[in-house]
Asks: 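One structure, as structure tokens, below. Some questions next.
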Amino acid sequence: MNIYDYSVKAQDGSEVSLADYQGKVLLIVNTATGCGFTPQYDGLQDLYEKYQSQGLEILDFPCNQFGHQAPGSDEEITDFCQSRYGVTFRQFKKINVNGDGEEPLYTFLKSQKKGVMGNNIKWNFTKFLVDRKGNVVERFAPTVTPEKIEEQIKKLL
């Protein structure tokens with residue numbers, strides 16, 4: 001299996017195949033609207049605006065598993081992100097990234113790059129960087145801001 005074998009749910013519940021993103025550099029992030037790291041949406045949007053035309057896609061997966069910091073509906077989360085941070089990159093349905101009901105995409109991502117807690121995601125705003133061939137090349141802790149990974153993204157573009 002590779003990343004392109006997975007499908008995820010769009011906010012409207014429809015299936016989105018990650019094969020649609022072949023040839024793109026992906027930054028996959030689990031997010032929350034009420035987290036201390038939520039201001040990273042600004043940096044993510046900046047990266048998207050700078051590099052989307054060169055092949056960067058940011059895939060945002062809201063997650064309420066950490067301190068219940070994404071309590072709203074999918075629509076409320078999108079409205080918040082668009083009005084507060086001007087987010088224009090793709091946001092998906094809220095998911096679990098650890099444990100029972102874990103999104104299969106995240107099972108795969110975690111198997112490719114372990115973090116400081118082994119396979120488990122530590123907190124919101126953990127980021128996975130995927131190259132144009134679908135290889136998971138790096139995993140970044142929540143404390144690593146989007147600005148700090150810009151150089152790695154530029155190299156993959």
Side-chain angles (χ1 to χ4, degrees), residues 1-18 20-21 24-48 52 56-82 84-131 134-150 152-153:
M1 301 258 326
N2 70 44
I3 197 162
Y4 302 129
D5 294 321
Y6 291 90
S7 290
V8 292
K9 293 222 184 272
Q11 284 192 331
D12 65 5
S14 63
E15 290 289 320
V16 176
S17 172
L18 291 185
D20 294 348
Y21 294 98
K24 303 280 188 176
V25 172
L26 305 178
L27 187 61
I28 301 172
V29 188
N30 65 295
T31 60
T33 53
C35 175
F37 297 118
T38 300
Q40 286 188 24
Y41 271 119
D42 276 332
L44 292 169
Q45 181 62 30
D46 288 346
L47 287 175
Y48 187 66
Q52 191 267 336
L56 174 68
E57 291 294 336
I58 296 175
L59 308 183
D60 176 2
F61 292 91
C63 178
N64 198 35
Q65 281 189 293
F66 306 104
H68 303 287
Q69 295 179 341
S73 69
D74 293 317
E75 295 78 18
E76 289 169 333
I77 290 169
T78 296
D79 289 346
F80 172 85
C81 293
Q82 289 175 351
R84 180 97 183 244
Y85 296 102
V87 166
T88 59
F89 50 82
R90 188 83 185 258
Q91 294 183 292
F92 294 87
K93 280 194 109 28
K94 195 184 310 186
I95 63 167
N96 286 338
V97 297
N98 292 326
D100 292 339
E102 172 178 301
E103 175 64 41
L105 170 63
Y106 267 79
T107 304
F108 173 76
L109 292 170
K110 295 185 306 181
S111 75
Q112 299 300 296
K113 290 291 176 189
K114 294 187 181 354
V116 294
M117 293 179 56
N119 274 353
N120 279 340
I121 301 292
K122 183 177 180 179
W123 203 256
N124 300 309
F125 288 88
T126 297
K127 302 158 201 72
F128 290 89
L129 185 59
V130 179
D131 70 13
N135 301 306
V136 182
V137 295
E138 191 63 65
R139 176 177 174 162
F140 300 97
T143 55
V144 178
T145 63
E147 296 79 8
K148 290 181 182 173
I149 61 177
E150 184 172 4
Q152 289 100 319
I153 290 170

Asks: State yes or no: are the ring centers of Tyr41 and Phe125 separated by less than 6.0 Å?
Replies: yes
Asks: Do any N or O atoms from the side chain of Gln40 and from the backbone of Pro142 form a donor-acceptor pair under 3.5 angstrom?
Replies: yes
Asks: Is Gln65 reaching over with its side chain to a backbone N or O of Asn98, donor-acceptor style, under 3.5 angstrom?
Replies: yes
Asks: So, taking the atom named CD1 in Ile153 and the one named CG in Asp131, what distance separates them when rounded to the nearest 0.5 Å?
Replies: 12.5 Å
Asks: Distance from Tyr106 atom OH to Ile28 atom CD1, nearest 0.5 Å?
Replies: 6.5 Å
Asks: Are any of the side-chain heavy atoms of Lys122 and Phe66 separated by less than 4.5 Å?
Replies: no
Asks: Flag the pair Phe140 / Gln152 as yes when at least one side-chain heavy-atom distance between them is below 4.5 Å, and no otherwise.
Replies: yes
Asks: How about Thr88 and Tyr48: does a side-chain donor come under 3.5 Å of a side-chain acceptor?
Replies: no
Asks: I need the minimum non-hydrogen distance between Trp123 and Thr126, along with the two atoms involved.
Replies: O-OG1, 3.0 Å
Asks: Just how far is it from atom OG of Ser73 to atom CG of Asp79, taken to the nearest 0.5 Å?
Replies: 7.5 Å
Asks: Return the minimal non-hydrogen interatomic distance between Val144 and Lys127, and the atom names on each side.
Replies: O-NZ, 2.8 Å
Asks: Ser7 and Glu103: which non-hydrogen atoms are nearest, and at how many Å?
Replies: O-OE2, 3.9 Å
Asks: Got a salt bridge between Asp74 and Lys93, using NZ or NE/NH1/NH2 to carboxylate O under 4.0 Å?
Replies: yes
Asks: Under the criterion side chain to side chain contact (heavy atoms under 4.5 Å, CB included), I'd like the reasoning laid out for Thr78 against Cys81: C-alpha separation, chi angles, the key distance, then a yes or no.
Replies: CA-CA 5 Å; Thr78 296; Cys81 293; 5.9 Å; no
Asks: To the nearest 0.5 angstrom, please state how far the CG atom of Leu47 sits from the CD atom of Glu147.
Replies: 6.5 Å
Asks: Considering only heavy atoms from C-beta outward, does the side chain of Phe37 approach that of Thr143 to under 4.5 Å?
Replies: yes
Asks: Could you please spell out the steps behind the side chain to side chain contact (heavy atoms under 4.5 Å, CB included) verdict for Val130 and Tyr21?
Replies: CA-CA 11 Å; Val130 179; Tyr21 294 98; over 6 Å; no
Asks: If you look at every heavy atom in Gln91 and Asp60, which pair is closest and at what distance?
Replies: NE2-OD2, 2.7 Å
Asks: Can you tell me how far apart CG (Leu129) and NZ (Lys113) are? Round to the nearest 0.5 Å.
Replies: 10.0 Å
Asks: Say you draw a straight line from CG of Leu105 to NZ of Lys110; how long is it, rounded to the nearest 0.5 Å?
Replies: 10.5 Å
Asks: Using distance alone, with no hydrogens and no angle criterion, decide if Gln69 and Asn124 have a side-chain donor and acceptor under 3.5 Å apart.
Replies: yes
Asks: Between the main-chain N or O of Thr38 and the side-chain N or O of Thr31, is there a donor-acceptor pair closer than 3.5 Å?
Replies: no
Asks: With distance as the sole test, does Asn64 use its side chain to make a donor-acceptor pair with the main-chain N or O of Ala70 at under 3.5 Å?
Replies: yes
Asks: Would you sort out whether Leu59 and Phe128 count as a side chain to side chain contact (heavy atoms under 4.5 Å, CB included), showing the intermediate values?
Replies: CA-CA 10 Å; Leu59 308 183; Phe128 290 89; over 6 Å; no
Asks: Start with the C-alpha distance between Gln45 and Phe89, add both sets of side-chain angles, then the distance that settles side chain to side chain contact (heavy atoms under 4.5 Å, CB included), and finish with yes or no.
Replies: CA-CA 7 Å; Gln45 181 62 30; Phe89 50 82; 3.4 Å; yes
Asks: So Phe61 and Phe92, would you call those rings parallel, tilted or perpendicular, with 30° and 60° as cut-offs?
Replies: parallel
Asks: Taking side chain as C-beta onward, heavy atoms only, is Gln112 less than 4.5 Å from Asn2?
Replies: no
Asks: Given side chains that start at C-beta, do those of Leu44 and Leu27 come closer than 4.5 Å, heavy atoms only?
Replies: yes
Asks: Over all heavy atoms of both residues, which pair between Ala10 and Arg90 is shortest? Give the atoms and the distance, please.
Replies: CB-NH2, 3.4 Å
Asks: At their closest point, which heavy atom of Ile3 faces which heavy atom of Gly134, and how far apart are they?
Replies: CG2-O, 3.4 Å
Asks: Where the side chain of Asn135 meets the backbone of Val137, is there a donor-acceptor pair that is under 3.5 Å apart?
Replies: no
